[in-house]
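Comments concern the structure below.
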Protein chains: 2
Amino acid sequence: MALNANIGIVHYHCGVMVDSQPGLRERARRAIQKEITEAAQQLFVDRGYEATTIDDIAEAAGLSRRSVFRYFSSKEDIIVGKFAFIGETIVAILRDRPLDEAVWRSLRLGLDVLVPYVDDPDKQDMAESMQRIVFASPALLASYLEKLERIQIACDHVLRDRAAARGAPVAPADPRPRAVVGAAFSCLLAAQHSWLADSGRQAFAACLDAAMTALAPVEPQPDS
Amino acid sequence: MALNANIGIVHYHCGVMVDSQPGLRERARRAIQKEITEAAQQLFVDRGYEATTIDDIAEAAGLSRRSVFRYFSSKEDIIVGKFAFIGETIVAILRDRPLDEAVWRSLRLGLDVLVPYVDDPDKQDMAESMQRIVFASPALLASYLEKLERIQIACDHVLRDRAAARGAPVAPADPRPRAVVGAAFSCLLAAQHSWLADSGRQAFAACLDAAMTALAPVEPQPDS
DNA sequence: CCAGAGTTGGCACTGAATGCCAACATCGGC
DNA sequence: GCCGATGTTGGCATTCAGTGCCAACTCTGG
């Protein structure tokens with residue numbers, strides 16, 4: 001069990017549960033999740049996504065099939081689960097932007113949290129492989145797009161809250177905030193395709209900028 | 001077997017296989033597909049999507065589980081399969097628009113093929129139910145978004161071909177056509193959300209227009 | 001009436017996902 | 001250091017989606 005050796009049972013004297021915010025238990029959980037993810041990614045790269053079973057992943061990660069499902073709610077979640085967290089980050093950034101900033105710029109800054117996942121030279125190879133796998137597998141792609149959709153819905157809410165805070169509330173049936181958010185996320189998808197199209201030779205951030213400058217809300221704010 | 005009675009075995013004298021373009025066999029196939037779809041939709045509305053099994057659908061449609069999979073490649077496909085056809089229609093429309101037309105307008109006209117599916121007063125109730133079910137079920141939503149993604153990729157190709165035909169080819173790694181197409185489809189999603197938000201009281205086409213006028217490519221054509 | 005082509009339904013199997021439970025480890029107090 | 005409470009694990013059984021296979025049936029054409 002390389003796992004148990006690795007969790008890092010630091011067990012301080014017993015006392016006051018000395019651990020930084022996440023809690024010791026939570027840190028162990030994340031460490032195992034990370035191991036599963038890495039084992040799975042390797043298998044997906046080697047054999048492909050559909051050709052890899054959960055049993056394969058469980059064996060490679062050194063735990064039982066049943067336990068894999070305790071760490072990830074589904075096979076897709078192993079790859080795409082992190083987007084729940086990324087989504088929360090984007091939403092938080094969006095919420096904290098100054099109220100008078102142009103929406104399009106706020107969205108660009110929100111999407112910036114994705115850049116380090118891709119443009120980091122260390123992870124670039126793996127990032128490219130995984131993106132290719134996601135776009136190649138219908139099930140993974142579907143799951144990925146669904147996650148993005150959920151993030152977009154959350155961003156839409158934030159934009160409406162911000163419009164209201166600005167004193168210019170938007171009707172619930174007004175499609176414009178949702179359309180603007182969707183357009184920004186389409187730029188993300190477009191940037192991913194571009195980035196893959198020439199194998200990460202140009203920076204992902206540059207692709208994103210190229211896409212987002214080609215498009216813009218007709219009005220700086222979705223009211224007027 | 002209400003089915004067999006209904007397929008409409010018109011079996012003309014034997015002679016020349018008198019049938020309009022699709023071929024008799026193909027028409028029978030479509031009729032059965034339609035029956036399965038309708039039976040399934042009813043069940044989904046009654047019990048919800050995940051609570052309905054393929055066996056339920058097979059029984060309601062009067063055929064075997066195995067045969068259902070001969071007509072639809074998956075459970076989601078029963079609802080979302082028609083988008084393969086719709087996508088082809090959109091692509092065809094896009095391809096046939098005049099080369100000097102503004103891209104945004106061409107896309108708006110392409111998306112117009114969806115309007116009759118929704119704004120038809122006869123089908124409106126069912127259309128609303130089904131859209132709610134799609135957005136409520138993660139699996140269906142994921143599948144729907146994946147279908148839209150495939151259509152967008154096809155539209156992206158058309159736009160690039162048209163740019164080339166116009167004498168202003170776009171680099172394969174240029175994200176702009178993809179971004180513009182994605183923005184248009186985001187308007188579609190936004191319009192669906194709006195339309196559902198006040199229960200189809202306003203026309204779907206109006207929602208689509210509201211979304212698409214709030215957004216536009218920075219340049220009329222994605223070159224220059 | 002018969003031969004061939006296509007359709008059907010049943011059967012067996014894989015793989016994902018979930019519920020359940022007994023075995024085990026860990027952490028608290030004593 | 002012992003012991004009960006709590007949480008984690010692995011195994012088992014089950015459901016459901018999806019696929020391959022094959023024998024039985026149906027319809028068409030000769």
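Throughout, a chain's letter reflects where its sequence line sits, starting with A, and its residues are numbered from 1. Quick note: numbers below take in every heavy atom, side chains included, and nothing from hydrogens, waters or symmetry partners.
- Taking CD1 of I79(A) as the reference point, atom OG1 of T37(A) lies at 6.5 Å (rounded to 0.5 Å).
- Taking R47(A) as the reference, L43(A), A51(A), T52(A), D56(A) meet the side-chain contact (heavy atoms from CB on, under 4.5 Å) condition, with sequence neighbours excluded.
- Using a 4.0 Å cut-off on heavy atoms, none of the residues of residues 130-149 of chain A approach DNA chain C.
- Note that CD of E128(A) is 12.0 Å distant from CD of Q192(A), once rounded to the nearest 0.5 Å.
- Listed by chain and residue number, nothing satisfies the side-chain contact (heavy atoms from CB on, under 4.5 Å) test with A92(B) (two or more places apart in sequence, or in another chain).
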For nucleotides 17-25 of chain C, just jot down a letter per nucleotide in 5' to 3' order: B, S or -, based on protein non-hydrogen atoms under 4.0 Å.
BBBB-----
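- Rounded to a whole Å, the CD1 atom of I36(B) is 12 Å from the C1' atom of dT8(C).
- Following rounding to the nearest Å, Q33(B) (CD) and dT8(C) (P) show an atom-to-atom distance of 11 Å.
- At whole-Å resolution of the value, CZ in R27(A) and C1' in dG7(D) are 18 Å apart.
- Atom CG in D55(B) sits about 12 Å away from atom C1' in dG10(C), given to the nearest Å.
- The side chain of S67(A) contributes an N or O atom lying less than 4.0 Å from OP1 or OP2 of dG10(D).
- Judged as a salt bridge (Lys or Arg N to Asp or Glu O under 4.0 Å), and not counting sequence neighbours, D198(A) has no contacts.
- Distances shown here put every side-chain N or O of Y71(B) at or beyond 4.0 Å from the OP1 or OP2 atom of dG18(D).
- The side-chain contact (heavy atoms from CB on, under 4.5 Å) search around D125(B) returns none, not counting sequence neighbours.
- The closest side-chain donor-acceptor pair between E149(B) and Y144(A), if any, does not fall under 3.5 angstrom.
- For the pair E50(B) CD and dT15(D) C1', the interatomic distance rounds to 14 Å; values are reported in whole Å.
- Considering R66(A), K75(A), R65(A) in turn, R65(A) is the only one that fulfils the salt bridge (charged side-chain N to carboxylate O under 4.0 Å, His left out) rule with D55(A).
- The closest donor-acceptor contact from the side chain of R150(A) to the backbone of G87(A) lies at 3.5 Å or more, if one exists at all.
- Summarising the geometry, the separation between CD1 on I57(B) and P on dG9(C) is reported as 15 Å, rounded to the nearest angstrom.
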